Amino acid sequence: MPKASDIKKNAAVEHNGKVFIVRDIERSVPQGRAGGSLYRMRMYDVVTGGKIDETFKDSDMLNFADLSRRPAMFSYIDGDEYVFMDNEDYTPYNLNKESIAEEALFICEDTIGLSVIIVDGVAVGVDLPPSVELVITETDPSIKGGSATARTKPAILSTGLTVQVPEHISTGDKIKVNTEERKFMGRAEK
């Protein structure tokens, strides 16, 4: 059984008889308190999609839930559902738009390296690759010689995500974005 301090984002844990996906973790060290840190976890119920915030001491023990990841690709949007297709057996997985709102900002038809997270046979989330390639749909005009400076400008990508890019990048360019830090990594290879 792992301690609360060992839990990472997107882990599936059992808590109060239910299975939750950990979406966000904030660590804090209260002053004047001998001992450990506190871990505030934002968790989503895999069945209902309900959100709860729980705080655990670093020594609290939690159970991992039965979880598997299947390589998949984004297929299409059906109303409020994103439909993903298993890369091996072509099983479709439907995920509600709200439950993957953060991840959806990085997903387009060309995104490779996705995994669908499955708990007890039900698709509950998406694991993103470390970086994705997206097209800039809107940004200020590029500045000649702008590459010599370290200044940046906002760019809106095809998925609606906004990232800061160097001044020499222009609308229509395909760029690489770090999914963890939401940062520009460079131009994508053609």
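The chain is numbered in sequence order, starting from 1. Source: prediction; values computed, not measured.
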* Sequence neighbours left out, what passes salt bridge (Lys or Arg N to Asp or Glu O under 4.0 Å) with Asp53? Give chain and number order. => Arg40, Arg42

* Asked: Do Lys3 and Asp58 pass the side chain to side chain contact (heavy atoms under 4.5 Å, CB included) test, and can you show the C-alpha distance, the side-chain angles, and the key distance before you say yes or no?
  -> CA-CA 6 Å; Lys3 294 179 180 177; Asp58 59 1; over 6 Å; no

Grab the two heavy atoms, one from [X] and one from [Y], that are nearest each other, plus how far apart they are.
X      : Y      : result
Val135 : Gly172 : CG1-O, 3.9 Å
Ile169 : Lys153 : O-NZ, 2.7 Å
Ala72  : Asn87  : C-OD1, 3.3 Å
Ser158 : Leu134 : OG-CD2, 4.1 Å

* Asked: For Asp89, what residues pass the side chain to side chain donor-acceptor pair (under 3.5 Å) criterion, not counting sequence neighbours?
  -> Thr91

* Taking only residues two or more places apart in sequence, or in another chain, which ones meet Tyr93 in a side chain to side chain donor-acceptor pair (under 3.5 Å)? -> Asp86

Is there a path of hydrophobic side-chain contacts, each under 4.5 Å between heavy atoms of I/L/V/M/F/W/Y residues, joining [Y] to [X]?
X      : Y      : result
Ile77  : Val132 : yes
Val116 : Ile112 : no
Leu161 : Tyr82  : yes
Leu114 : Leu157 : yes

Could I get the full list of side-chain contact (heavy atoms from CB on, under 4.5 Å) partners for [X], not counting sequence neighbours?
X      : value
Glu109 : Phe74
Tyr76  : Asp78, Val83
Thr152 : Gln164

Residue pair [X] / [Y], side-chain heavy-atom distance below 4.5 Å:
X      : Y      : value
Lys183 : Val177 : no
Val163 : Ile175 : yes
Ile7   : Pro2   : yes
Asn178 : Pro130 : no
Ile107 : Leu128 : yes

With rounding to the nearest 0.5 Å, note down the distance linking [atom1] in [X] to [atom2] in [Y].
X      : Y      : atom1 : atom2 : result
Met41  : Thr55  : CE    : OG1   : 9.0 Å
Ile136 : Ile156 : CD1   : CD1   : 10.5 Å
Lys176 : Arg187 : NZ    : CZ    : 14.5 Å
Ile100 : Leu105 : CD1   : CG    : 10.0 Å
Thr139 : Glu167 : OG1   : CD    : 9.5 Å
Tyr44  : Ile21  : OH    : CD1   : 12.0 Å

Can you list everything that forms a ring-ring contact (aromatic ring centres under 6.0 Å, His included) with [X]? Sequence neighbours excluded, please.
X      : answer
Phe184 : none
Phe20  : none
Phe56  : His15

* Please list all pairs passing the salt bridge (Lys or Arg N to Asp or Glu O under 4.0 Å) test where one or both residues lie in residues 126-138, with sequence neighbours left out. => Arg69-Asp127

* Pairs touching residues 12-31 that satisfy salt bridge (Lys or Arg N to Asp or Glu O under 4.0 Å), sequence neighbours left out -> Arg23-Glu103

* Stepwise side chain to side chain contact (heavy atoms under 4.5 Å, CB included) test for Phe84 and Leu95 -> CA-CA 8 Å; Phe84 296 85; Leu95 287 161; 3.8 Å; yes

* So Thr159 and Phe106, side chain to side chain contact (heavy atoms under 4.5 Å, CB included) or not? Walk me through it. -> CA-CA 7 Å; Thr159 59; Phe106 297 98; over 6 Å; no

* In terms of side-chain geometry, is the basic nitrogen of Glu98 or Lys51 positioned less than 4.0 Å from the acidic oxygen of its partner? -> no

* Among Ile, Leu, Val, Met, Phe, Trp and Tyr joined by side-chain contacts under 4.5 Å, find the other residues sharing a cluster with Met85 and list them by chain and number. => Met73, Tyr90

* Verify the neighbour count for atom CD of Glu88: are there more than 12 heavy atoms of other residues, nucleotides or ligands below 6.0 Å? => yes

